[in-house]
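All remarks here apply to the structure that follows.
Any value given below was found using the heavy atoms of this structure, including those in side chains, with hydrogens, waters and symmetry copies removed. In what follows, chains carry the letters A, B, and so on, assigned in the order in which the sequence lines appear, proteins first and then strands, with residues in each chain numbered from 1.
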Amino acid sequence: MPELPEVETIRRALAPRVEGRRIEALEILDPRWCAPLDCAEVRHAVEGRAVERLERRGKYLVFALSDEVHLITHLRMTGTMLYDPGPDARYQRVRFGLDDGHELRFCDPRRFGTGELALGDAAREAFFAGRVGIEPLDGVLDGPALRALARGRRTGAKAFLLDQRKIAGVGNIYADEALFRAGVHPLRAAGALTGRQCEALARAVVDALSAGLEAGGATIDDFRHPDGVQGGFQHEFLVHLREGEECLTCGREIVKFVAAGRGTYVCERCQPRPRGVRRPQAPRGVRSGRP
DNA sequence: CGCCCTGTTGGGGA
DNA sequence: ATCCCCAACAGGGC
């Protein structure tokens, strides 16, 4: 669910309410959350420490605690971080008890969400160094920067955008959106993008993420604001029609196939398929049987 | 009713 | 470097 704009929306909503507060209790109801770390160990490191800052890096939500203790969380696909949701909230995995009587509950039906510990600023930097690249909304992503990152890569443009080690925070929905806005086919080799295409794609990534952020991260049906408000009724800021039949720009039928292992929606008139590249067949009902 | 497929993510192994 | 599969569950199509 949460790509960069969603996580940032959550961070902004929560920061004023948790910064300066001490985490008095950390109840890990699902040990899988912090595995392979021991729950008691994580609990001991967190409890009693103050949240100095609530930060975001890529799609990670980071509790920067006192004494350089960093609790690095990831919501993955279906995780939500709710503020005082009430005891009947479903799929509770972790409870953060704050020293002002309020609480944060991490809820996640699919149990993909994770919490990891970095002890010391250096450990935190090491954690991110191998996982996330530049922050696209920090003003550092332009055509030349994107071109430098894509240089030499033979993989498709979509797989490139989804690679968190290059550009942080772009997920499946914003990748499709940016490619559509830039008129770039997802299977076009990233390293073969022209300067003009890199320019368009960089701008499209920044614009799409910014639009999502302005809309309060309401991209996805499952999105839930920390206050429990459901978002994502209409993807009004998304130019690219995902569910519909026809391209809003030219009317051509949107085709779907699997690219970079994800469902991918394309208008092959607005995003011309490179010569020599065949459109993959969407495997329907076909399952590569187990041996 | 029940089976089968899909999915907003990232890590690990081939 | 790149691709495929998997984690665990809900929901929809048939």
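Regarding A/Asp108, its CG atom lies at a distance of 12 Å from the C1' atom of C/dA10, rounded to whole Å. For the pair A/Leu162 CG and C/dA1 P, the interatomic distance rounds to 16 Å; values are reported in whole Å. Taking atom CZ of A/Arg76 as the reference point, atom C1' of B/dG11 lies 7 Å away to the nearest angstrom. In this entry the distance linking CZ of A/Arg32 with P of C/dC6 reads 16 Å, nearest Å. In this structure, A/Glu116 atom CD and B/dT9 atom C1' are separated by 13 Å, rounded to whole Å. Remark: P of C/dC3 and CG of A/Asp163 are 12 Å apart, rounded to the nearest angstrom. Across the protein-nucleic acid pair, A/Leu149 atom CG and C/dA1 atom C1' stand 16 Å apart, rounded to whole Å.
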So what is the 5' to 3' dot-bracket string for DNA chain B, if pairs are Watson-Crick or G-U wobble with both distances under 3.5 Å, crossing pairs use [ ] and | means the partner sits on another strand? .||||||.||||||
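A/Arg153 comes within contact range of the sugar-phosphate backbone alone, with a heavy-atom separation under 4.0 Å but no base atom that close. Residue contacts for A/Gly261: at a heavy-atom cut-off of 4.0 Å it reaches no nucleic acid atom on any strand shown. Among the heavy atoms of the strands, none lies under 4.0 Å from A/Phe160.
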Check the pair A/Tyr265 / A/Glu177 against side chain to side chain donor-acceptor pair (under 3.5 Å), numbers first and verdict last. CA-CA 9 Å; A/Tyr265 297 83; A/Glu177 173 72 11; over 6 Å; no
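Applying the ring pair (Phe, Tyr, Trp, His ring centres under 6.0 Å) test to pairs two or more places apart or on separate chains, those with a residue in residues 47-69 of chain A are A/Tyr60-A/His74, A/Tyr60-A/Phe127, A/Tyr60-A/Phe128, A/Phe63-A/Phe96.
Put simply, A/Leu193 and A/Leu162 are part of two different groups of oily side chains (I, L, V, M, F, W, Y) that touch within less than 4.5 Å, one to the next. Hydrophobic clustering, with ILVMFWY side chains joined whenever heavy atoms are under 4.5 angstrom apart, keeps A/Leu71 apart from A/Val132.
Checking A/Thr264 against A/Lys158 by side-chain atom types alone, a donor-acceptor pair falls below 3.5 Å.
Tested against A/Ile167 for a side-chain contact (heavy atoms from CB on, under 4.5 Å), the candidates A/Leu209, A/Leu149, A/Val140 yield a single pass: A/Leu149. The only option from A/Val18, A/Leu98, A/Leu104 that meets the side-chain contact (heavy atoms from CB on, under 4.5 Å) definition with A/Ile23 turns out to be A/Leu98.
Of the candidate nucleotides C/dC3, B/dG10, B/dT6, B/dG10 has the atom nearest to the side chain of A/Arg262. Minimum atom distance to the side chain of A/His74 is reached by B/dT9, of the listed C/dT2, B/dT9, B/dT6. Considering only the side chain of A/Arg154, C/dT2 comes nearest among B/dG10, C/dA10, C/dT2. Comparing B/dG10, C/dA10, C/dT2 by their closest approach to the side chain of A/Lys59 singles out B/dG10. For A/Asn172, the listed nucleotide lying nearest its side chain is B/dT9; candidates were B/dT9, C/dA10, B/dG7. In this structure, the nucleotide among C/dA7, B/dG7, C/dT2 sitting nearest to the side chain of A/Met77 is B/dG7. Ranking C/dT2, C/dA10, B/dG11 by closeness to the A/Pro109 side chain, first place goes to C/dA10. The side chain of A/Tyr60 has B/dG11 as its nearest neighbour among C/dC3, B/dG11, C/dA7.
For the pair A/Arg17 and A/Tyr83, the cation sits on the ring face: its NZ or CZ lies under 6.0 Å from the ring centre, inside 45° of the axis.
Between A/Arg111 and C/dC9 there is a side-chain polar atom (N or O) within less than 4.0 angstrom of OP1 or OP2. For B/dT9, neither phosphate oxygen OP1 nor OP2 lies less than 4.0 angstrom from any side-chain nitrogen or oxygen of A/Gln164. Neither OP1 nor OP2 of B/dG10 sits under 4.0 Å from any side-chain N or O of A/Thr114. Distances shown here put a side-chain N or O of A/Lys256 below 4.0 Å from the OP1 or OP2 atom of B/dG7. Between B/dG11 and A/Arg131, a contact under 4.0 Å exists linking OP1 or OP2 to a side-chain N or O.
Stacking between A/Phe112 and the base of B/dG10 is absent under the criterion of ring centres within 5.5 Å and planes under 30 degrees.
Mapping A/Gly156 and A/Arg93 onto DNA chain C by nearest heavy atom places A/Gly156 closer to the 5' end of the strand.
Look at A/Arg124 and A/Glu55 and you find a salt bridge, because one of the NZ, NE, NH1 or NH2 atoms lies within 4.0 Å of a carboxylate O, short of that distance.
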